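What you see is a predicted model, and the numbers here were worked out from it, not measured in a lab.
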Amino acid sequence: ESVRITAAESQEGPAIHLEATPTLELAGHRTGVRALAVAQDDSMFMSLSSESVKIWSASTGRCVRTMPSGYGLCGFFIAGNEHVLIGTKEGKLELYNIQLGELSQSVEAHSG
């Protein structure tokens, strides 16, 4: 099952609408998506899988950046939406620069 993400309007302003769909409409990850995160201003969202971090435009629904990563289990946008931080199955915290599309820093956070 897939998730369709579309721009929507709410009483608070722009929003993102998630709807379960039986088919995949856009090319995405080669493996299952493990986590999603939405930018603070709702302009972008991030998806994580076992091989990459993808940044998507909320207004167009298109992937704007793909970055190789560890096996991502959780993640969020850092204030300013210039970086994302992900936690991996391998026990690392990985900081990515969205504009450059590259890993900025990797730290062993825990083992086991």
Closest approach of Q40 to N81 (non-hydrogen atoms, all atoms of both residues): OE1-OD1, 2.5 Å
Nonpolar side-chain network containing L73, other nodes, edges under 4.5 Å: Y71
Under 3.5 Å: donor-acceptor pair, side chain of E90, backbone of G70: no
Heavy-atom donor-acceptor pair, R34 side chain to L48 backbone, under 3.5 Å: no
Backbone N/O of K54 and side chain of S52: donor-acceptor pair under 3.5 Å: no
Check: Y96 side chain, P68 main-chain N or O, donor-acceptor pair, under 3.5 Å: yes
Side-chain heavy-atom pair E51, S69 within 4.5 angstrom cut-off: no
For N97, side chain to side chain contact (heavy atoms under 4.5 Å, CB included) partners two or more places apart: H83, Q99, L100, S104
Hydrophobic cluster identity match, I78 and I86, side-chain contacts under 4.5 Å: no
For the student: nearest non-hydrogen atoms of S47 and L36, plus distance: CB-CD2, 3.6 Å
Heavy-atom closest contact (L103 atom, S106 atom, distance): CD2-CB, 4.2 Å
Sidechain-backbone polar pair: S57 side chain, G61 backbone, donor-acceptor under 3.5 Å: no
Transitive ILVMFWY side-chain link L95 to L93, under 4.5 Å: yes
Exercise: identify the closest heavy-atom pair between A37 and G75: CB-O, 3.5 Å
Candidate pair V84 and F76, rule side-chain contact (heavy atoms from CB on, under 4.5 Å), full reasoning: CA-CA 6 Å; V84 292; F76 60 93; over 6 Å; no
Distance in Å, I55 CD1 paired with T66 OG1, rounded so as to fall on 0.5 Å steps: 9.0 Å
Over all atoms of both residues, closest heavy-atom pair of S49 and G32: CB-O, 3.4 Å
Test item: F77 and M46 side chains (from C-beta on) under 4.5 Å apart, heavy atoms: yes
Non-hydrogen side-chain atoms of T88 and E94 separated by less than 4.5 Å: yes
